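Since the structure comes first, as structure tokens, the remarks are kept for the end.
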Protein chains: 4
Amino acid sequence: MIQEKIRMGMIGGGKNAFIGAIHRIAAHMDGLIELCCGALSSNPETAKASGRDLFLPENRNYGSYKEMIEAESRLPQHIRMQFVSIVTPNFAHFEPAMLALDHGFHVLIDKPITFTLEEAKLLERKVKETGLQLCLTHTYSGYPMVKQARQMVKEGQFGTIRKICVEYPQGWLSSASEKEGNQQAAWRTDPAKSGKSGCMGDIGTHAAQLAEYISDLQISRICADLNWVVKDRLLDDDGNVLLKFNNGANGILMASQIAAGEENALSIKIYGEKGGLEWHQEEPNTLKVKWLDAPAQLYRTGHPYLSSFAKHNSRTPAGHPEGYLEAFANIYRNFVLTLSTLHIGGSPSPEMLDFPTAADGVRGMAFIENVVASAHSDQKWHDFKI
Amino acid sequence: MIQEKIRMGMIGGGKNAFIGAIHRIAAHMDGLIELCCGALSSNPETAKASGRDLFLPENRNYGSYKEMIEAESRLPQHIRMQFVSIVTPNFAHFEPAMLALDHGFHVLIDKPITFTLEEAKLLERKVKETGLQLCLTHTYSGYPMVKQARQMVKEGQFGTIRKICVEYPQGWLSSASEKEGNQQAAWRTDPAKSGKSGCMGDIGTHAAQLAEYISDLQISRICADLNWVVKDRLLDDDGNVLLKFNNGANGILMASQIAAGEENALSIKIYGEKGGLEWHQEEPNTLKVKWLDAPAQLYRTGHPYLSSFAKHNSRTPAGHPEGYLEAFANIYRNFVLTLSTLHIGGSPSPEMLDFPTAADGVRGMAFIENVVASAHSDQKWHDFKI
Amino acid sequence: MIQEKIRMGMIGGGKNAFIGAIHRIAAHMDGLIELCCGALSSNPETAKASGRDLFLPENRNYGSYKEMIEAESRLPQHIRMQFVSIVTPNFAHFEPAMLALDHGFHVLIDKPITFTLEEAKLLERKVKETGLQLCLTHTYSGYPMVKQARQMVKEGQFGTIRKICVEYPQGWLSSASEKEGNQQAAWRTDPAKSGKSGCMGDIGTHAAQLAEYISDLQISRICADLNWVVKDRLLDDDGNVLLKFNNGANGILMASQIAAGEENALSIKIYGEKGGLEWHQEEPNTLKVKWLDAPAQLYRTGHPYLSSFAKHNSRTPAGHPEGYLEAFANIYRNFVLTLSTLHIGGSPSPEMLDFPTAADGVRGMAFIENVVASAHSDQKWHDFKI
Amino acid sequence: MIQEKIRMGMIGGGKNAFIGAIHRIAAHMDGLIELCCGALSSNPETAKASGRDLFLPENRNYGSYKEMIEAESRLPQHIRMQFVSIVTPNFAHFEPAMLALDHGFHVLIDKPITFTLEEAKLLERKVKETGLQLCLTHTYSGYPMVKQARQMVKEGQFGTIRKICVEYPQGWLSSASEKEGNQQAAWRTDPAKSGKSGCMGDIGTHAAQLAEYISDLQISRICADLNWVVKDRLLDDDGNVLLKFNNGANGILMASQIAAGEENALSIKIYGEKGGLEWHQEEPNTLKVKWLDAPAQLYRTGHPYLSSFAKHNSRTPAGHPEGYLEAFANIYRNFVLTLSTLHIGGSPSPEMLDFPTAADGVRGMAFIENVVASAHSDQKWHDFKI
């Protein structure tokens, strides 16, 4: 057990910010984290008003992240925040993260890690230099059945992996809602705020991370087809990518935000020599395991037969469904259990250390760079470069 | 928005208590509630040790609920707890609830409300007398799609309701695990701790409440078959009940804890003149709606087309599954939004007031009494009496 | 392999008869049966016109079943029909069946076997006296996964069976369609044509047979609630029955024809000491098998791991779905494989002999009698009598 | 109604031939077709023995297809066969088909139509010259819900189609079963018998035809990745293909025979501007229809709300599942209803004419040629040429 609640400061995530509210639920859920301060918007007034809604103490409700990081670093060690949670749009991740690390604070960042691959590499190097922790919220790898899948692959239950099909269709950008006042749509389709890629950056990266996380393989070559389906949109809103993995396995990654009628239908199928597995994010408590010569099995959360990693990442008995917020909370929990264990000089368990880091962030940014490069090339195969 | 976090004291729910941990997650999730004090076990040492694990301040980490209620009532109004959450086994609900009400504290109780119907009625009367609020955690009525179902029935979309089939099979008591050190199994199969009924009291009451909540009907006659399947068990572990509702509709309620291989498979089907609906707790974000002359529809959480009640009770966009803990948290949230609104002299909205109360508790206890009476009778139909 | 096609004569099933067309598809499917003659309607003109549509030779296209049975019995043995298929409404099963047996013809009858229990017993006795075969088309027991379920129960894989829940909701009689020209609805809701019970006779008997067939148990006591939901309907259109089986297991049987929005949703769940199974007629190629301590399994048709009975009753490899017509055809095929084997003096295999017989017919009629008697009694439990 | 049964001769499909038995069930099911003669194997003895098992008259149980076509063409018109069904391996389709057409017989061929694209074109030209009918058994387009999907797309219910994802994973060639006596595996992995492609020829063609059939679009460009996964296999056993359609829509086609644990999991998702659809061959009676702003719908076979094409291609009421054999039979039925209507000088309805023809065969062979060419190219996009 940890000795006291871990103190968190939040950057971004003020009024009307979708992902900020999600982060706070995830941080609160297990009663291990205290939101002690915040700089909740780039607009100082919005920041302060948002902080009051969240019951922040007046003197730690900051108008800017710079102010917060500096002020907090001057507070006594047992009072000041221990990590920052950065939940701003993509373009505003890098600077506060660097500043926080420079002031000795651990960092948690909403995905994707930065605006460019270059920034991601700089941030990774800074993390190594400071010896601090950086956690990246690739939520979907926080689900217990994803962890079960990874363990079963690692144990070789399916033999050599031969094929990985991951798809992530959404329908919410099927029309030009960015022109109709949808704020989420507006920044996600704006290259100045999102970066080089729209759909592939926003959700394709989740799909790629999921495939690599479960299979413990790395994408080594790609052939990408990006599409700009809705008229006048500046960033891709759809794409299909052929994959080759570093063990020779082949695969497909599909991501779309114009798949009308889909919600958030991330799913993955992996096939090995002896069997395969299938997982759907929208029904996350079931992992379908298929065998060459025996009936398929339904692994379910909350059972004694699961791996230690799956068990560590759930809170309820079998049949009491956990969802997206719990998967998100698992990432927060593992991160702060690690911080807390390190704080008292202990060694975090493998289960605690099982959260995405700067390395995942670098691979994610590289995925975006490589997919965009491949999409603009006439050559079929493109080597995945970092 | 509420002005400040609502302060909660917890009775029971210390180390190793399953439901206490669930209550805390539910209370923490939305950042609206502060656990300010506790009397976490009937054993004072366990209570204190548990409180330390939860970061309770030493001076509000009490050794007994009596001590807590009395001490808190002497604290200044802006500091003392505002409600107690009672998460002890069934037999230990009534006394702390009465004491809390007598000292002016609102009360939230884990279901079933009391040990006997008589106690439930006394408690209901006390609530009325004091003008305080009592909330009962019938979790399953907290799911957004359950609320959607209720609204669609209320709006008459299915015409007059004709038939209701609710079933709640679990398998975890398939063997005599109460003799093998399973603490949960031990108290739930012990008449001295659970009351007159085992399975019907523990989960049959949830099924009955769900049927009445969605349909807005009341069970008026029953014909019960209770079974004591595992050898030497003192309380029923299985049962089937024929139902008649106050509008003439018929129904079936099945509850079992020896349905080997089932997890927590509460489900309900309701049929009206024009169509029907079907909901499964283990996949709670989907409500299947069936029509006489048109394709069935899949209503899903997070969509603009849902009722205000369904929307009010979810936190994430479509396709980001919410689960049992969020349903539980909805009950806490509605309760404290009500408290907070009343606190400032406002009128809670219908959506806020939508949590189970003492009246549900009385009907639940009456359900147990009537089912047990019917089970021991040779007569087919038994009038549901309160 | 059989030596030559088996020759079938059909009684009933002319123009516009739903079930007659189904029987012919089932009989034709495997190329083992030749429709050589027919008396396809009680109206001689309709009979003849229907026969011409089916390419019957003019001289064997009969105007009445009496004429057919007598004429065919005078034909040379290698030409005359070998069995009759009786697909008339319930009230018109008994007489042609008796006459056919008296003339030495085997008999296949659409379910329920007769109009009354008394007739069923007489028919069963006649079958025994003549040494001929009688097959009853309880279609649902013809599905391969139902046979798999039966074998797994028989092998004791689930231990002692403790609970059986079978339900059969349909919605097609939700309104008074018998008054609006629906011919199927008209005779099925008419006591003079259907018998003592509507819904329980039509589909409740299928549910009861399925439960007994899979479990190899017999219903020994019942407590029935029959309902007449649609105004002015003379026969029950809905019902719920509590069950006790001869090994002490309990159960529920629900059947309804006013379950608006349901199609033909027969399903069954059986629970034993060690696990259970679940099967849904509308997705018949999957059998869900559940275990106390291990992941649930999905048994699927077409796999080498299945029992000899399941394999014998399917035609396609895994993943090529078979359905209702194939289940129906399995009953025809097993019946004619038995006839053909007996014809050459052989011993039919257990797999061939696995079709419903007069004994199932007697139990089905007894089910109707007992359910109706129980429904009209104030006493809770009613002994199942034959 | 047709006037008399249509007479069919069969080429191939003797003892132990998987697909021949399937064809016969499909042909027999509706009682519209009479198997009047056959040349059931390239080995005359096997042919004759097989014919006797199928009750063929001795004088029309032929030793070779040449003998059959010639002998039958000399029989009187009202006796001789009316069409041949060619169910030999791929390499042996072309010659008998040409010979049959030359002798005035209509032709039905198992897919793929021929061994090479060149043969397919010759055959298509011959069909045009003779004015005879050729039917190709792309079974999956015979399912009623596939037809419903096609109609809904045609009616513009989803707006312009933007994306099509079709996948066809099987697992049965996951190991080198062609070396272990599996006859089906042996010829399908042998270039001399199967042609240029294994997996893409065998099942990729089905997937492509399904996508084009439902969408009424044509594949115009492809980018193919073929894989030879099992060691020493001569033909591809897996592949992923990026697609562009002639209206600008993009897509993916995945086909695999090494997807361990999969059965025959053909499925398709199509997305338009306003919504989309999803269909799974293994649960073929449900078509999921998704909308941008409304709940998804489950269209099901057997309902009055379906299109005339869906209704024409089913035999049972809603909830009585039809499967693969019925889909196959639909193709036979539409073909012979067309023949029969033409025979009496009538005009077949659009529903009757809705079966795959030589044009589908040519596109299928072109698909194989183009995929193989693309797979061997370094260039990303390859124009689909015929």
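Numbered from 1 within each chain, the chains take letters A, B, ... in sequence-line order. Treat the numbers as computed from the prediction; the structure is a model and nothing was measured.
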Exercise for review: Look at the side chain of Q281(A) and the backbone N and O of G319(B), then say whether any donor-acceptor pair between them is shorter than 3.5 Å.
Suggested key: yes
Check your understanding: Would you say Q77(A) has more than 12 foreign heavy atoms packed within less than 6.0 Å of its CD?
Key ->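 Atom CD in Q77(A) is not crowded, with 12 or fewer foreign heavy atoms closer than 6.0 Å.
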**Study point:** Nearest atoms (heavy-atom pairs only) where G31(A) meets F55(B)
**Key:**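 Closest heavy-atom pair between G31(A) and F55(B): O-CE1, 3.3 Å.
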Check your understanding: Taking only residues two or more places apart in sequence or in another chain, which ones pass salt bridge (Lys or Arg N to Asp or Glu O under 4.0 Å) with R188(B)?
Key ->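 Residues passing salt bridge (Lys or Arg N to Asp or Glu O under 4.0 Å) with R188(B): D202(B).
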Check your understanding: Who are the salt bridge (Lys or Arg N to Asp or Glu O under 4.0 Å) partners of D30(B), not counting sequence neighbours?
Key -> R315(B)
Let me know if [X] has heavy atoms under 4.5 Å from chain A in its side chain, its backbone, both or neither.
| X | answer |
| --- | --- |
| A318(B) | both |
| T139(B) | neither |
| F328(B) | neither |

Please round to the nearest 0.5 Å and tell me the distance separating atom [atom1] of [X] and atom [atom2] of [Y].
| X | Y | atom1 | atom2 | value |
| --- | --- | --- | --- | --- |
| E263(A) | T301(B) | CD | OG1 | 7.0 Å |
| M29(A) | R24(B) | CE | CZ | 14.5 Å |
| F18(B) | H320(A) | CZ | NE2 | 5.0 Å |
| E322(B) | I25(A) | CD | CD1 | 7.5 Å |
| L32(B) | H28(A) | CG | NE2 | 9.0 Å |
| E283(A) | E282(B) | CD | CD | 11.0 Å |

Study note, to complete from the structure: Most heavy-atom pairs under 4.5 Å with chain A, out of A21(B), P317(B), A327(B), belong to P317(B)
**Study point:** Note, P284(A) side chain near P321(B) side chain (heavy atom, < 4.5 Å)
**Key:** yes
